[in-house]
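Data first, discussion second: the structure below is written as structure tokens.
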Amino acid sequence: MKAYCQANKVDEVLRLFHEMIESQCKPNIICFNTVLNSLVTATRFSEAGSLLDSMVSLELNPNISTFNILVKAYSCCSDQFDSAYMVIEDWMVNSGVSPDVTTFSTLISGLCKGGRICEAHGVLNRMLKEKVGPNIFTFTPILHALYGKRMIKEGSCLIGFMLKWGCPLNTVVYNILIDGLCKNSDFDRVKIMLERSTSIGWKPNSISYNIYMNGLCKVGRVMDAFGLLEVMKKDGLSPTSFTVNILLDCLCQASMVDEAKNLLGQSSWLKWEVDTVSYNTLMSRYSSTRDWKAVLKLFAAMLKKGLEPNSRTYNIVINCLCIAGELMYAKSLICKGWFRADLVTYNILIDAFYRSRNTVQVQDLYERMKQEKIAEDVYTVTVKINNLCKAGEPSEASKFLFELMKMGFTPDLVTYSALIDGLAKHGKLRDKFFSSIGRQNREITGSSGQAVNAGELVFVSNKYISISQNNGDFIW
DNA sequence: GTAGGGTTAG
């Protein structure tokens with residue numbers, strides 16, 4: 001079960017678990033934790049909850065690992081930090097189990113992923129106060145977040161503390177540093193860091209080079225990225241499937257799709273390991289150029305090769321079937337049981353049926369999402385806004401968004417753009433500039449003195465956008 | 001059985 005869990009094959013884990021129960025072999029706490037962890041990692045929380053219930057009904061008491069998996073569920077796999085704290089403060093305390101270094105490191109990891117670096121620092125201070133000694137697993141998520149946010153000064157400060165604490169830097173930490181430097185386009189320093197690795201006392205691995213290559217690819221330095229293959233070789237490292245996929249993506253991004261296809265074709269001859277992601281990478285590129293025939297060809301080729309498609313593969317295929325106009329066939333795939341339809345699958349299908357003005361199918365898809373307990377996200381909302389605007393109802397779109405925002409929904413730039421575009425095309429956009437500049441979350445009043453009707457969008461400055469609630473009042 | 005670094009889908 002652990003092996004399947006590591007391979008992200010949750011359904012196989014569950015199959016084995018049920019087989020175990022049917023053959024009268026009583027699962028112990030370790031079995032339950034293994035299954036719980038695989039469900040949590042796959043964000044299948046309602047099933048995780050049921051499993052926890054059956055565990056308790058069998059009088060198997062949760063132990064430290066169980067609690068740590070729950071903390072992971074609430075902080076790393078979702079952003080329900082209040083619940084994560086509740087596991088630690090209430091449930092663990094009532095069960096007489098003390099949080100350990102893993103509990104806090106897991107919490108810190110989740111907080112950092114959610115951008116709450118200050119709070120993560122607070123947890124670190126709590127650990128020091130409660131004498132739960134932090135280790136390298138505690139520090140790395142914070143370092144990752146700091147360097148990811150270009151907070152270089154704070155990062156080196158923390159590294160100083162780690163060394164003083166007696167926690168030597170390892171390859172993972174150096175890889176985070178390399179990633180930070182790449183994001184700053186400071187490739188010269190990356191080169192120096194790799195050249196001096198031996199004398200500083202660390203050894204780069206293939207991940208170090210993958211990060212470096214990916215950094216170069218993202219700024220379009222295709223040749224330099226490929227050049228690193230030789231450097232890797234000299235360092236005794238072979239390209240992994242990740243390396244190949246980064247290079248394939250690099251070629252695709254640089255519009256060198258033919259080269260990417262050739263590379264994929266020559267992979268077995270080059271003895272390069274290709275996998276499902278390699279095919280997904282190319283298929284998604286063809287999908288974005290709407291070349292649905294090329295996508296289906298590659299899909300057939302990957303099946304022939306014995307590679308197992310994953311949910312991303314199916315999402316790309318479903319998207320390309322929609323491009324080809326085969327909407328009903330695309331939708332029928334979600335019932336076949338070949339893969340688990342997720343949020344992305346539904347967003348693709350909802351958008352496609354909206355575009356073809358088939359509202360019956362759109363409603364059916366929303367219903368299915370509800371049944372599957374899949375929550376809508378900013379993308380789902382944007383699709384609806386976009387299509388309401390296209391259907392000639394931008395004011396409806398505006399009202400819909402406003403209602404959601406009252407309930408705490410945060411739109412992104414694409415959401416605003418869709419609405420601005422829709423309102424503008426129907427002459428419902430005022431591009432009047434106001435002399436008083438408003439701040440977010442603060443009510444502002446236009447200095448022009450003009451009333452603005454509900455459903456209209458108003459530019460307050462180049463950067464600030466406000467949607468009117470009532471005449472004359474502006475929100476944000 | 002639980003915590004850290006690299007790739008792909010809307």
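Order of the sequence lines fixes the chain letters, A, B, ..., with proteins taken first and strands second; residue numbering starts at 1 for each chain.
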For [X], report the nucleic acid contact type (base, sugar-phosphate, nothing); a contact means any heavy atom under 4.0 Å.
X      : value
A:D342 : base
A:N28  : nothing
A:I207 : base
A:S65  : base
A:T380 : nothing
A:T276 : nothing
A:D100 : nothing
A:I29  : base
A:D275 : nothing

Given [options], identify the nucleotide with an atom nearest to the side chain of [X].
X      : options             : answer
A:N214 : B:dA9, B:dT7, B:dG4 : B:dT7
A:V277 : B:dG5, B:dT2, B:dT8 : B:dT8
A:N210 : B:dA3, B:dT7, B:dG6 : B:dG6
A:S284 : B:dA9, B:dG4, B:dA3 : B:dA9
A:I176 : B:dG5, B:dA9, B:dA3 : B:dG5
A:S105 : B:dT2, B:dA3, B:dA9 : B:dA3
A:I136 : B:dG4, B:dT8, B:dT7 : B:dG4
A:N280 : B:dT8, B:dA9, B:dA3 : B:dT8
A:T102 : B:dT2, B:dT7, B:dG5 : B:dT2

| field | Neighbours of DNA chain B within residues 108-119 of chain A, by heavy-atom distance under 4.0 Å | value | A:S109, A:K113
| Can you find a donor-acceptor pair, distance only, under 3.5 Å between A:N310 side chain and B:dA9 base? |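 By the distance-only test, no, there is no pair.
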| message | Suppose we call a contact any N or O donor and acceptor under 3.5 Å apart; does that hold for the side chain of A:N205 and the base of B:dG5? | response | yes
| request: Taking side-chain hydrogen bond (donor to acceptor under 3.5 Å, both in side chains) as the test, write out the residues that go with A:K370, two or more places apart. | output: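 For A:K370, no residue satisfies side-chain hydrogen bond (donor to acceptor under 3.5 Å, both in side chains) once neighbours in sequence are set aside.
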| message | Any side-chain to backbone donor/acceptor pair from A:T276 onto A:E308? Under 3.5 Å, distance only. | response |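 Such a contact is found between A:T276 side chain and A:E308 backbone.
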| field | Flag, side chain of A:S78 to backbone of A:A73, donor-acceptor distance under 3.5 Å | value |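 Looks like yes, one N/O pair under 3.5 Å.
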| Heavy-atom neighbours of A:R290 CZ exceed 12 at 6.0 Å |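 Check fails, neighbour count at 12 or below.
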Do any side-chain atoms of residues 184-194 of chain A form donor-acceptor pairs under 3.5 angstrom with protein atoms, and if so which ones, sequence neighbours left out?
none

| query | Is the aromatic ring centre of A:F137 closer than 5.5 Å to the centre of the six-membered base ring of B:dG4, with the two planes inclined by less than 30°? | reply |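 One would not call A:F137 stacked on the B:dG4 base.
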| said: Listing request: all salt bridge (charged side-chain N to carboxylate O under 4.0 Å, His left out) pairs with a residue in residues 107-119 of chain A, at least two apart in sequence or in separate chains. | reply: A:R116-A:E119
Indicate every side-chain donor-acceptor pair of residues 324-340 of chain A with a distance under 3.5 Å to a residue at least two apart or in another chain.
| from | atom 1 | to | atom 2 | distance (Å) |
| --- | --- | --- | --- | --- |
| A:K331 | NZ | A:Q361 | OE1 | 2.6 |
| A:K331 | NZ | A:D364 | OD2 | 2.5 |
| A:S332 | OG | A:Y329 | O | 2.6 |

| query | Taking only N and O in the side chain of A:N33, is any of them less than 4.0 Å away from OP1 or OP2 of B:dT2? | reply | no
Under 3.5 Å, which donor-acceptor pairs link side chains of residues 209-216 of chain A to any protein atom two or more places apart or in another chain?
| from | atom 1 | to | atom 2 | distance (Å) |
| --- | --- | --- | --- | --- |
| A:Y209 | OH | A:D235 | OD2 | 2.7 |
| A:N210 | OD1 | A:T243 | OG1 | 2.7 |
| A:N210 | ND2 | A:S206 | O | 3.4 |
| A:N214 | OD1 | A:K218 | NZ | 3.2 |

